[in-house]
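Written out below as structure tokens is the structure these notes cover.
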There are 2 protein chains.
Amino acid sequence: MLSHTEENYLKALLKLSFQNEEKPEAGTNEMAAYLGVKPATATDMLKKLKEKELVTYKKYGKILLTELGRAKGIAILRKHRLWETFLYEKLDFSWDEVHEVAEQLEHIQSPKLVNKLEEFLDFPEFDPHGDPIPRANGELPTVDKVLLTDVKAGESCQVVAVKDTSTVFLQYLEKLQVTIGTLVKVMEVVDFDGSMNIQIASSDPRNVSMKFAESLFVKKKTSVTV
Amino acid sequence: MLSHTEENYLKALLKLSFQNEEKPEAGTNEMAAYLGVKPATATDMLKKLKEKELVTYKKYGKILLTELGRAKGIAILRKHRLWETFLYEKLDFSWDEVHEVAEQLEHIQSPKLVNKLEEFLDFPEFDPHGDPIPRANGELPTVDKVLLTDVKAGESCQVVAVKDTSTVFLQYLEKLQVTIGTLVKVMEVVDFDGSMNIQIASSDPRNVSMKFAESLFVKKKTSVTV
DNA sequence: TATAAAAGTTAGACTAGTCTAACAAATATA
DNA sequence: TATATTTGTTAGACTAGTCTAACTTTTATA
Ligand SMILES: [Mn+2]
Ligand SMILES: [Mn+2]
Ligand SMILES: [Mn+2]
Ligand SMILES: [Mn+2]
């Protein structure tokens, strides 16, 4: 049985491993920063997780999840994203409110609960932010996605996920009526600052910053021209 | 902000106050036994709760919730019972499985979650065991109930709650097809051992022990004779 | 390559929650 | 009322998780 704290370390390591795709290892300071603790604290915990064979750790070395540690991490991420979906779909939470509560709910221990919840939600593949929900067997649904910055002028695409899940960004998207599934057409890319003129659904085109375009994942639409 | 542990002490004190109705106070040993800790541990925590003005406590004296402590306790009980109802109604848990998970869920901090959950469940008044669910304002729905032992031969009644929520009792009730709302007619009371011959719904009469009858709350049906 | 900077570790301290063992107060009983 | 029993408290210790401050190792850079 893992404590909330241990679980948070495992999930953090998993998330960090997703970030640096090629190199799924993390450093002590990186982990500490992610979790909001001091490096000394992370060192202690990493030693403990090593004892439990959940991470590989050597003094001054990089940290990696073991198979077991990864499985535990995936299980927590699965709960997190299922709960977010529940809050969003069933309890009418907005997509900027779900994360904080799911951060607590992900630690509830009950295999039956997780699986019944998944069934109740009709086996969703993605959470409200477009992130894949791990299956009971640990597999992650995939979807090919690129950043909006990779879409060229004239191309169309569909929003599939947000890269930045901060409240301020999510609320801005809401104001712009951008949500998962929204169609976006890139009208023009401004060389000067990387900003874009985009048409959201069928509204009037508007300019968005490069920072914006770097925070949104989309799927390119094969243009419907002959 | 209260810790899980502090919350458990407050809920325990509240439940104990319901048990000894006239005297809503509890002793240190009583609390410790209820929570599965040693008396020394309870003493420490009670001092801490007194500091926070959640209980009245004096060395060697009885313990009582303050208004504030009671309100906190009620809020936790509310969450506990709403979650039990959710698990039972929406996720298909049986009534002997819900308590353990609700024991964890009751500590999730999110006022919005509680209220949305209540709304999602259509403002239930009673949990799967027939216990009243506190309202957002702290009020408890009431229902007049008596123990099955108080029902005389020839009288009919309807099951409204279980006094004993142990798995073994709940599963026995399930086997007997007794649930909240089930109609029961007392055919005969055996003076010798207090056991009863009862008819459950329209099945064949069967004998149940006094221990059984002491564990079930019912509401008397005014007989339909003229 | 020598040195400076960054990254990581260790030692020691603190809090929350728990325990055991010894003790003290309150209550029941002879 | 005197004594025994029950009830509750105190002191001291332990673990988990955190911190600060000092130190060490690794990496970057002049
Ligand atoms: Mn999240
Ligand atoms: Mn968490
Ligand atoms: Mn319960
Ligand atoms: Mn609890």
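Since the structure is predicted, the reported quantities are computational estimates derived from the model, not experimental observations. Just so we're on the same page: letters track the sequence lines, and every chain starts at 1.
Listed nucleotides: dC19(C), dT18(C), dG8(D). Nearest to the side chain of Lys38(B): dC19(C). With dT20(C), dT9(D), dT9(C) as the candidates, the nucleotide lying closest to the side chain of Ala40(B) is dT20(C). Nearest nucleotide to the Thr41(B) side chain, out of dT18(C), dT18(D), dG8(D): dT18(C).
Counting heavy atoms of neighbouring residues, nucleotides and ligands inside a 6.0 Å radius, atom CD of Glu100(B) does not exceed 12 of them.
Remark: Thr43(B) is not in phosphate contact with dT10(D), judged by side-chain N or O atoms under 4.0 Å from OP1 or OP2. Taking only side-chain nitrogens and oxygens, Thr5(B) never comes nearer than 4.0 Å to OP1 or OP2 of dA16(C).
In this structure a side-chain-to-backbone donor-acceptor pair under 3.5 Å is missing from Glu89(B) to Phe86(B).
When the P atom of dG8(C) is taken as reference, atom CE of Met31(A) falls 11 Å away, rounded to whole Å. The NZ-P distance, from Lys47(A) to dT18(D), rounds to 15 Å in whole Å. In this entry the distance linking CG of Asn29(A) with P of dT24(D) reads 18 Å, nearest Å. Following rounding to the nearest Å, Asn8(B) (CG) and dA16(C) (P) show an atom-to-atom distance of 17 Å. Leu2(A) places its CG atom 13 Å from the P atom of dA16(D), with the value rounded to the nearest Å. For the pair Asp44(B) CG and dG12(D) C1', the computed distance is 12 Å after rounding to whole Å. When the P atom of dT27(C) is taken as reference, atom NZ of Lys62(B) falls 8 Å away, rounded to whole Å. Rounded to whole Å, the distance from CD on Glu6(B) to P on dT18(C) is 10 Å.
The minimum heavy-atom distance linking Ser195(B) with Asn207(B) is given by the pair OG-ND2, 3.3 Å.
Just one of Glu118(A), Glu125(A), Glu139(A) meets the salt bridge (charged side-chain N to carboxylate O under 4.0 Å, His left out) condition when paired with Arg78(A); it is Glu118(A).
Remark: aromatic rings of His129(B) and His99(B) are distant, center separation not under 6.0 Å. A ring-centre distance under 6.0 Å is found for Phe212(A) and Tyr172(A).
Glu30(A) and Gln19(A) share no side-chain donor-acceptor pair at under 3.5 Å. A side-chain N or O of His107(A) and one of Asn8(A) form a donor-acceptor pair less than 3.5 Å apart.
Using a 4.0 Å cut-off on heavy atoms, the residues of residues 52-61 of chain B that approach DNA chain D are Tyr57(B), Lys59(B), Tyr60(B), listed by number. The stretch residues 68-77 of chain B has no heavy atom under 4.0 Å from DNA chain C, so no residue of it qualifies as close.
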- Message: The test is side-chain contact (heavy atoms from CB on, under 4.5 Å); show your working for Lys72(B) and Leu2(B) and say whether it passes.
- Response: CA-CA 9 Å; Lys72(B) 300 275 187 191; Leu2(B) 300 176; 3.9 Å; yes
